[in-house]
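To start, the structure itself, in structure tokens.
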Amino acid sequence: MSVAVCLLLYGFAVTVLAPRVLRRISASDAAPRLAVAAWLAVMASTVLAWTVTVAIIVIDIGTHKITLLPARFLDSCLLHLHDAAVGHYGRHLQTGLMILSGFATLAGLVVALRLCTTLLRARRTTIEHARMARLAGRHHPDLDAVVLDVDHPAAYCVAGKPHTIVVSRGVLTALDDRHLDAVLSHERAHLSGRHHLLLTLTRGLATVLPRIELFTIGAAEIARLLEMLADDAAARIHGRETVLQALLTLSELPEPPATTQAALLPRIRRLSEPAQAVRAHTRAAAVAATLTAMFIPMAALIATAIGIQVCVV
């Protein structure tokens with residue numbers, strides 16, 4: 001079996017099996033950083049596997065030969081596909097295969113273009129949002145944040161030029177100084193950790209590939225885990241109890257902020273319980289998933305580069 005077949009089967013297996021395994025890893029909420037790393041590694045490796053698979057097949061069919069690779073680079077299945085593409089089985093089959101390959105290549109280009117368009121649109125939107133927030137609000141030098149003179153509670157950060165943390169008058173009224181500092185530390189953790197880049201990329205993949213659970217579930221899980229990472233960063237500065245009380249105060253407001261009450265409850269429940277040590281099997285599963293996701297595509301790339309066969313028929 002060739003490198004291309006290995007990668008194709010790997011990508012298929014991961015998209016089917018990985019969401020369930022990764023959700024179990026992230027369900028405990030004890031190690032959000034490990035869980036985020038596992039999700040990102042698996043998602044990135046799947047995209048890489050698909051890309052390399054297409055590249056291998058297109059290069060082989062397009063050039064009819066790859067002089068740097070051994071003669072048995074393709075297994076019998078792909079070898080027959082190659083022969084059909086170069087016309088050994090007749091012009092009609094060759095034409096049909098070329099048309100099919102053209103449509104497949106076009107589909108891949110459309111997906112790539114949609115992803116780029118989605119990412120660019122998201123970047124323009126966030127930059128414009130930050131600009132409008134600075135125009136609509138007033139900069140509070142002590143908080144290093146923009147304050148909106150509205151009673152509706154809101155506290156969030158927007159990546160832009162420069163990055164902007166936005167809080168409303170309703171939040172300033174509801175929270176005391178300690179709790180407000182904890183909320184601001186939470187938002188600063190998002191910006192310093194570049195969480196907006198991860199959210200933009202994963203949500204972009206979920207938008208252009210909405211029927212693949214690895215990306216749709218992965219985007220939602222990563223967003224949830226990043227909130228917990230920011231909570232942990234704020235807790236290291238202000239203490240878990242302070243962060244918990246700030247979230248409780250926000251959740252009890254008549255109109256909770258943009259982070260809805262349903263999204264706040266899991267974070268409140270997590271902070272209200274004693275900090276859990278990461279179980280050994282959870283850590284091992286997360287590390288194994290991450291290393292496996294990184295190793296297989298990289299091994300295939302090395303195999304392709306040096307022209308060796310990594311799977312035996």
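Just so you know, these numbers come straight off a predicted model, no measurement behind them.
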- Query: What heavy-atom pair brings Ile217 and Pro19 nearest, and what distance separates the two atoms?
  - Reply: CD1-CB, 4.4 Å

- Determine whether Tyr10 and Val16 fall in the same hydrophobic cluster, where Ile, Leu, Val, Met, Phe, Trp and Tyr are linked whenever their side-chain heavy atoms lie under 4.5 Å apart. no

- Between CD1 of Ile165 and NE2 of His139, what distance do you get to the nearest 0.5 Å? 9.0 Å

- What pair of heavy atoms forms the shortest contact from Ala130 to Thr164, and how long is it? CB-OG1, 3.8 Å

- Message: What verdict does the side-chain contact (heavy atoms from CB on, under 4.5 Å) test give for Arg123 and Leu119, after you've listed the backbone C-alpha separation in whole Å, the side-chain angles of each residue and the deciding distance to 0.1 Å?
- Response: CA-CA 6 Å; Arg123 177 174 173 78; Leu119 296 179; over 6 Å; no

- Note on the structure: Scanning both residues in full, the closest heavy-atom pair of Pro210 with Thr216 reads O-CG2, 3.3 Å

- Which is it for Val110 and Val208 under the side-chain contact (heavy atoms from CB on, under 4.5 Å) test, yes or no, and what are the steps along the way? CA-CA 10 Å; Val110 168; Val208 300; over 6 Å; no

- With Leu172, which of Asp149, Asp177, Val147, Leu148 fulfils side chain to side chain contact (heavy atoms under 4.5 Å, CB included)? Val147

- Note on the structure: Rounded to the nearest 0.5 angstrom, the CD-OG distance for Glu187 and Ser192 is 11.0 Å

- Pairwise side-chain contact, Leu244 with Leu248, heavy-atom cut-off 4.5 Å (strictly under): yes

- Which distance, rounded to the nearest 0.5 Å, do you find between the OG of Ser45 and the CE of Met43? 10.0 Å

- Message: Which heavy atom of His190 sits nearest to which heavy atom of Leu226, and what is that distance?
- Response: CE1-O, 3.5 Å

- Considering non-hydrogen atoms only, spot the tightest contact between Thr46 and Gly11 and give its length. CG2-O, 4.3 Å

- Query: Is there a chain of hydrophobic side chains (I, L, V, M, F, W, Y, each step under 4.5 Å between heavy atoms) that links Val166 to Ile127?
  - Reply: no

- Working to the nearest 0.5 Å, report the span between CD1 of Ile222 and CZ of Arg203. 10.5 Å

- Message: So does Gly204 get a backbone contact from the side chain of Thr118, meaning a donor-acceptor N/O pair under 3.5 Å?
- Response: no

- Task: May I ask you to decide if Ala235's main-chain N or O and His238's side chain share a donor-acceptor pair within less than 3.5 Å?
- Result: no

- Looking only at side chains, do His186 and Glu227 share a donor and an acceptor under 3.5 Å apart? yes

- Less than 4.5 Å apart, any side-chain heavy atom of Val167 and any of Leu175? no

- Item | Worked check of side-chain contact (heavy atoms from CB on, under 4.5 Å) between Val42 and Val21 | CA-CA 11 Å; Val42 171; Val21 175; over 6 Å; no

- Item | Any side-chain heavy-atom pair of Pro162 and Arg134 under 4.5 Å | yes

- Message: Out of the candidates Thr202, Leu34, Leu214, only one should pair with Trp39 under the side chain to side chain contact (heavy atoms under 4.5 Å, CB included) rule; please name it.
- Response: Leu214

- Taking atom types as modelled, find out whether His196 and Thr126 have a side-chain donor-acceptor pair closer than 3.5 angstrom. no

- Looking only at heavy atoms, the pair that brings Ala234 and Ala182 closest together is CB-O, 3.6 Å

- Item | Verdict with reasoning, Ser26 to Arg224, per side-chain contact (heavy atoms from CB on, under 4.5 Å) | CA-CA 10 Å; Ser26 59; Arg224 183 181 68 86; 3.9 Å; yes

- Any chance CZ of Arg33 has more than 12 other-residue heavy atoms, nucleotides or ligands included, within less than 6.0 Å? no

- Do Arg267 and Leu264 come within less than 4.5 Å of each other through their side chains, counting heavy atoms only? yes

- Message: Contact between Val146 and His140 at the side-chain level, heavy atoms closer than 4.5 Å - yes or no?
- Response: no

- Student check: side-chain heavy atoms of Trp50 and Thr15 closer than 4.5 Å: yes

- Enter the distance from Leu247:CG to His179:NE2 here, rounded to the nearest 0.5 Å. 10.0 Å

- Message: Could you measure the distance from the CD atom of Gln245 to the CG atom of Leu271? Nearest 0.5 Å is fine.
- Response: 10.5 Å

- Message: Can you confirm whether Met132 sits close enough to Leu135 that some side-chain heavy atom of one is under 4.5 Å from a side-chain heavy atom of the other?
- Response: yes

- Message: Hydrophobic clustering (ILVMFWY, side-chain heavy atoms < 4.5 Å, transitive) - are Ile237 and Val243 grouped together?
- Response: no

- Message: Other residues, nucleotides and ligands only: do more than 12 of their heavy atoms fall within 6.0 Å of CZ on Arg23?
- Response: no

- Message: With a 3.5 Å distance limit and no angle check, can you tell me whether Arg240 reaches the backbone of Glu273 through a side-chain donor-acceptor pair?
- Response: yes

- Task: Say whether Val47 and Leu17 are linked into one hydrophobic cluster, either directly or through other cluster members, by side-chain heavy-atom distances under 4.5 angstrom.
- Result: no

- Salt bridge or not for Arg270 and Asp29, using N-O below 4.0 Å? no

- In terms of hydrophobic clusters joined by side-chain contacts under 4.5 Å, are Leu143 and Leu191 together? yes

